[in-house]
Protein chains: 2
Amino acid sequence: MDRLPSVKIRDSLEQRIVEGELGNGKRLDETELSRFYGVSRTPVREALQRLAESGLAEHLPRRGTFVRSPSLSQLVEMFEVMAELECMAIRLAARRATANDIDALEKDNETCRAAVAANDTKKYYEVNARLHGRIYQMSGNSFLASEARRLHDRLRPFRRLQLRVRGRMEESMAEHDIILAALRDGDANGAMETMKKHITIVGVRFNDLVSSFNRIMGDE
Amino acid sequence: MDRLPSVKIRDSLEQRIVEGELGNGKRLDETELSRFYGVSRTPVREALQRLAESGLAEHLPRRGTFVRSPSLSQLVEMFEVMAELECMAIRLAARRATANDIDALEKDNETCRAAVAANDTKKYYEVNARLHGRIYQMSGNSFLASEARRLHDRLRPFRRLQLRVRGRMEESMAEHDIILAALRDGDANGAMETMKKHITIVGVRFNDLVSSFNRIMGDE
DNA sequence: TACGACCAAATTGTATACTAAAAATTGGAG
DNA sequence: CTCCAATTTTTAGTATACAATTTGGTCGTA
């Protein structure tokens, strides 16, 4: 199944925004993009409609479409909601996890640990995302899983910067260990407690986040 | 500010789906819709793209766009997530509510009570939605507010059916009373407890059963 | 009758042409 | 030189024309 051009363009734009190539406030010019992708304006417009619907861009009638990264306060709000969803997922997962599920998590966690030892941020991020995705699945609530994954992806660039903060990867690993131990014991409350701390940015030094944030947002 | 035709069409379709006029599986024919709305296919297509992105419809490449109502198990999952978001909102609201906020809630609640007395389901739904929306706002987390409102709107037709169940409106009122009382006392936990019961449709046991069932059966 | 290939109608996806609204520019008055 | 207004230019929104793909049916053959 080969995807439609309009969908491919949408995905490409989404990635370019998330990667930071298309910074906040950047005007997404229909003609320019149509030249870039070698198609007419029609599929580009459809891609932009979908982008705007998902919240990554804002469409102003008869003005154009603009990349809209969240403000700092919106970011904090999003992390707050993310923490709640992760908590919910881990609570459900603790009740429903099978031995196989937990084994898979353990395996990912060890890969994470290796990445930390090698100081491989990219690898760590990748496996970490898989681990969290697995927990969403384990919750048994596929709607929750899809919502959590959506938010997770949207917070991706910020989460990644957060990991660059010195010592954050090690700290994160320790939390993973506690969460997994709680899961193994079926201790839903313990897992939730740690997960909340794990996600919420309040645990991180606020200044670190702000400086990362400014670095990302600084370039237009 | 007058909205663009493509946006108006999107909103109209969304409403028609939610109202049940366009039932599950209904094919959204581009030509037919363009005739219906008296415009060309272009704005209709853009409206359909947005609908698909928001999850109300599904777009199959070169086949068409179809209304996709959630299955029973998806519905249960969505209510489960809704309950979690409502809990979060009420927890935050309990900490941040001002006297004015609570007065406004009380007023809505009394209007609700009048609607129950008159057995006016439509009115009850309307004011009930406003009351919940107010709680989202009171949480102080605007991202949470927008997400909760989105889900609330999407669950609207099912919530409405639920209210037709005999005695459900009265029961719902009683819960509102308890929640408001807890809010007035700043009792976040009490408010959350009741809210959880208030939202969850069938009870946690059933959710667990359906979720495990789906996991076993491999239905994603 | 059953099955398969091929053709035709319908419908989606894309390109292009046209319209209308907003930004940019130019020209003049003060 | 500055400010404002009219005009030009650019660009978003829409219509229409065309291409590509699926689908249903028909015809022919085993």
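A, B, ... follow the sequence lines: proteins, then strands. Residue 1 opens every chain.
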Just how far, in rounded Å, is [atom2] of [N] from [atom1] of [X]?
X	N	atom1	atom2	result
A:His59	D:dG13	NE2	C1'	9 Å
B:Gln49	D:dG13	CD	C1'	16 Å
A:Arg45	D:dT11	CZ	P	14 Å
A:Leu48	D:dA12	CG	P	9 Å
B:Ile9	D:dT14	CD1	C1'	11 Å
A:Leu60	D:dA12	CG	C1'	12 Å

Any chance the side chains of [X] and [Y] put a donor and an acceptor closer than 3.5 Å?
X	Y	value
A:Ser142	B:Glu77	yes
A:Asp108	A:Thr111	no
A:Glu46	B:Gln49	yes

Pair A:Arg150 + B:Glu147: basic N to acidic O under 4.0 Å: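 Between B:Glu147 and A:Arg150 there is no salt bridge, as every charged N stays at least 4.0 Å from the carboxylate O atoms.
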Salt-bridge present (B:Glu110, B:Arg113; N to O < 4.0 Å): yes
From B:Glu21 atom CD to B:Leu13 atom CG, the distance as rounded to the nearest 0.5 Å: 9.5 Å
Range on DNA chain C touched by chain A, heavy atoms, distance below 4.0 Å: C:dG13 to C:dA23
Aromatic B:Phe36 / basic B:Arg16 pairing, under 6.0 angstrom, 45° off normal: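 Checked: cation-pi criterion met.
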Contact letters for nucleotides 15-25 of chain D, in which S counts primed atoms plus P, OP1 and OP2 and B counts the base, heavy atoms under 4.0 Å: BB----SSS--
Mutual orientation of the aromatic rings belonging to B:His152 and B:Tyr136 [parallel < 30°, tilted 30-60°, perpendicular > 60°]: perpendicular
Sugar-phosphate only, base, or nothing, as touched by B:Glu46 at under 4.0 Å among non-hydrogen atoms: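 The residue B:Glu46 makes no contact with any strand.
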